[in-house]
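A short write-up of the structure that comes next.
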Amino acid sequence: MDQSHLPKPQAREDRRLVNRDEALNLLFAAAQDVAREEGKLADGVYGSLEQSHISSTSFTLKSASGQMIARFPWLRQGR
């Protein structure tokens, strides 16, 4: 059977829309935006990407001194 019309399989990494570093930067920026909206981060004050932490249950936005600004738990589907 001729399958030349089907797309060629690609390596798993080629299918990603963004790489891990880009995704972490986007997550960090979104966390800062939400923290500002919730009044947990003042205008002109920024979190630290290096101090912030990602885990299997949440993303924790931290200041440059390591102080927690906000924690964002992952939403679980089906609950």
Side-chain angles (χ1 to χ4, degrees):
M1 176 155 81
D2 180 30
Q3 295 184 350
S4 61
H5 63 285
L6 296 175
K8 303 226 183 305
Q10 297 180 352
R12 180 177 171 99
E13 292 177 27
D14 292 342
R15 291 187 292 164
R16 291 185 179 156
L17 298 177
V18 295
N19 66 35
R20 288 177 190 258
D21 288 339
E22 290 172 311
L24 185 57
N25 284 333
L26 290 169
L27 178 60
F28 173 72
Q32 287 191 120
D33 289 346
V34 172
R36 280 189 214 295
E37 288 177 11
E38 293 179 349
K40 297 176 182 177
L41 189 62
D43 287 339
V45 178
Y46 299 94
S48 168
L49 178 60
E50 292 76 22
Q51 293 292 325
S52 297
H53 178 73
I54 190 168
S55 74
S56 62
T57 59
S58 65
F59 180 79
T60 304
L61 179 64
K62 294 186 176 184
S63 68
S65 65
Q67 180 181 9
M68 185 179 83
I69 297 168
R71 177 171 285 134
F72 302 97
W74 305 129
L75 296 178
R76 297 227 166 142
Q77 294 182 1
R79 287 191 175 187

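The first residue in the sequence is number 1, and the count goes up from there.
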| Can you name the closest pair of heavy atoms from L61 and A35 and give their distance? | CD2-CB, 3.9 Å
| request: Considering non-hydrogen atoms only, spot the tightest contact between F59 and A31 and give its length. | output: CE2-CB, 3.6 Å
| query | Cluster question for you: counting only ILVMFWY and a side-chain heavy-atom cut-off of under 4.5 Å, with indirect links fine, are V34 and L24 together? | reply | yes
List, one per line, each side-chain donor-acceptor pair under 3.5 Å for residues 44-51, sequence neighbours excluded.
residue	atom	partner	partner atom	Å
S48	OG	E50	N	3.4
S48	OG	Q51	N	3.2

| field | Counterpart residues, side-chain hydrogen bond (donor to acceptor under 3.5 Å, both in side chains), relative to S52 (two or more places apart) | value | none
| task | Return each pair, listed once, that meets side chain to side chain donor-acceptor pair (under 3.5 Å) where at least one residue sits in residues 26-39; pairs must be two or more places apart or across chains. | result | E38-K40
| said: Working note: W74 + I54, criterion side-chain contact (heavy atoms from CB on, under 4.5 Å); need CA distance, chi angles, decisive distance, verdict. | reply: CA-CA 10 Å; W74 305 129; I54 190 168; 3.7 Å; yes
| note | By side-chain contact (heavy atoms from CB on, under 4.5 Å), S55 pairs with (sequence neighbours left out) H53, T57, S58
